[in-house]
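The analysis underlying the following values was restricted to heavy atoms, covering all of them including side chains, and did not include hydrogens, waters or symmetry mates. In what follows, chains are A, B, ... by sequence order, proteins preceding strands, each numbered from 1.
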2 protein chains.
Amino acid sequence: MAVSHKQQVDAEAMCPHRLVLEHLTSRWGVLVLIELLERSYRFSELRRAISGLGGRGVSEKMLTQTLQTLERDGLVHRDAKPVIPPRVDYSLTGLGREAAEQVRSLARWTHDRMGEVERARQAYDANRQAYDANRQT
Amino acid sequence: MAVSHKQQVDAEAMCPHRLVLEHLTSRWGVLVLIELLERSYRFSELRRAISGLGGRGVSEKMLTQTLQTLERDGLVHRDAKPVIPPRVDYSLTGLGREAAEQVRSLARWTHDRMGEVERARQAYDANRQAYDANRQT
DNA sequence: CAGTATCCGAGTGGATACTG
DNA sequence: CAGTATCCACTCGGATACTG
């Protein structure tokens with residue numbers, strides 16, 4: 001039924017570039033972009049690749065939706081070859097590549113800083129527990 | 001009731017750094033980080049500042065939740081002054097500043113490229129419409 | 001293979017009322 | 001002021017079944 005793209009968060013009164021930002025930082029958007037930075041992928045291939053990144057896989061539905069959104073925003077190029085069985089290749093556009101690189105570097109940053117984050121969490125949780133403990137006395 | 005932080009997406013089998021990434025790219029996380037990059041804010045002040053960025057405001061609930069998550073991850077520092085009426089200042093930690101800068105640059109990128117995105121969308125929608133049209137004949 | 005269509009449960013996030 | 005607690009609408013996203 002042609003998915004009128006009124007699906008996502010609906011813009012409402014939100015400035016449009018916030019929307020795009022949400023698209024590329026979305027749960028699967030991030031992974032798709034990073035994966036496509038490596039090379040182009042076919043649909044199912046991409047699905048498997050993403051599932052391989054830890055976490056459980058994407059549903060077909062969400063991958064489709066994510067890809068369509070990114071394609072509409074001009075970040076991903078969809079190349080459907082008219083053969084049987086169907087073959088569709090996805091790749092980044094120039095615009096998409098720029099975005100993907102930023103996203104990847106942010107992802108790498110979080111990866112590199114995990115140690116510090118973990119420590120911060122332990123400290124936080126410890127305080128938290130101490131606080132909660134002497135509260136119920 | 002002490003919000004056991006089992007709330008967000010729950011980690012499940014997802015690699016931990018994906019979680020942190022979701023925190024700082026979350027709807028309000030992005031805005032909080034960018035805003036705090038400017039200076040430190042009090043709770044309500046921050047709430048208003050964010051509402052001023054277009055889009056409708058954050059609820060107290062979501063702002064609280066967002067701030068707690070970011071604090072736990074060691075990105076935001078919370079300074080509660082024991083005065084009446086209460087005064088709490090939020091600011092970025094060193095770690096938080098690094099993250100925020102990346103997030104801001106991604107936000108700026110999307111802002112700068114909006115023109116191209118809009119054009120891509122128009123092209124996409126036009127094709128789409130043409131396609132849908134001669135389908136129902 | 002590459003989707004589309006439909007249903008549905010869980011969780012997000014907003015509104016409201018209340019507390020220290 | 002700075003939250004917490006509760007309720008609830010709505011959306012996201014998964015499972016499933018079907019199509020070209």
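- The closest side-chain heavy-atom distance from A/Leu106 to A/Gln102 is not below 4.5 Å.
- Here D/dG20 presents its P atom at 18 Å from CZ of A/Phe43, a figure rounded to the nearest Å.
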Would you write out the dot-bracket form of DNA chain D, 5' to 3', with Watson-Crick and G-U pairs under 3.5 Å, [ ] for crossing pairs, | for pairs to other strands and . for unpaired bases?
||||||||||||||||||||

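- Look at CG on B/Leu63: it is 17 Å from P on C/dT12, rounded to the nearest Å.
- Rounded to whole Å, atom C1' of D/dC12 lies 10 Å from atom CZ of A/Arg27.
- The CZ-P distance, from B/Arg78 to D/dA2, rounds to 10 Å in whole Å.
- Note that CD of B/Glu22 is 9.0 Å distant from OG of A/Ser26, once rounded to the nearest 0.5 Å.
- A close approach under 4.0 Å does not occur between any side-chain nitrogen or oxygen of A/Ser59 and OP1 or OP2 of D/dA15.
- Two residues are said to be in side-chain contact when any heavy atoms from C-beta on lie closer than 4.5 Å; A/Leu31 and B/Arg18 meet this criterion.
- In this structure, B/Arg87 places its CZ atom 12 Å from P of D/dG3, rounding to the nearest Å.
- Mapping B/Arg48 and B/Thr64 onto DNA chain D via the closest heavy atom, the residue that lands nearer the 5' end is B/Arg48.
- The residue among B/Lys61 and A/Glu60 whose nearest nucleotide of DNA chain D is located toward the 5' end is B/Lys61.
- Residue B/Gln68 has no polar side-chain atom (N or O) positioned under 4.0 Å from OP1 or OP2 of D/dA2.
- Taking the ring axis of B/Tyr41 as reference, the NZ or CZ atom of B/Arg39 stays within 45° of it and closer than 6.0 Å to the ring centre.
- Dashed line: the shortest gap from a side-chain N or O of A/Gln65 to OP1 or OP2 of D/dC12 is not under 4.0 Å.
- Rounded to whole angstrom, the span from the CD atom of A/Glu22 across to the P atom of D/dT11 amounts to 15 Å.
- Here C/dG13 presents its P atom at 12 Å from CG of B/Leu31, a figure rounded to the nearest Å.
- One finds no side-chain N or O of A/Tyr90 lying less than 4.0 angstrom from the OP1 or OP2 phosphate oxygen of C/dC1.
- Between the CZ atom of A/Arg78 and the CZ atom of A/Arg72 there is a distance of 15.5 Å, given to the nearest 0.5 Å.
- Between C/dA2 and A/Arg42, a contact under 4.0 Å exists linking OP1 or OP2 to a side-chain N or O.
- Straight-line distance from the CE atom of B/Met62 to the C1' atom of D/dT4: 14 Å, rounded to whole Å.
- Between A/Leu24 and A/Val30, the closest heavy-atom pair is O-CG2, 3.5 Å.
- Rounding to the nearest 0.5 Å places CG of B/Leu21 at 13.0 Å from CZ of A/Arg108.
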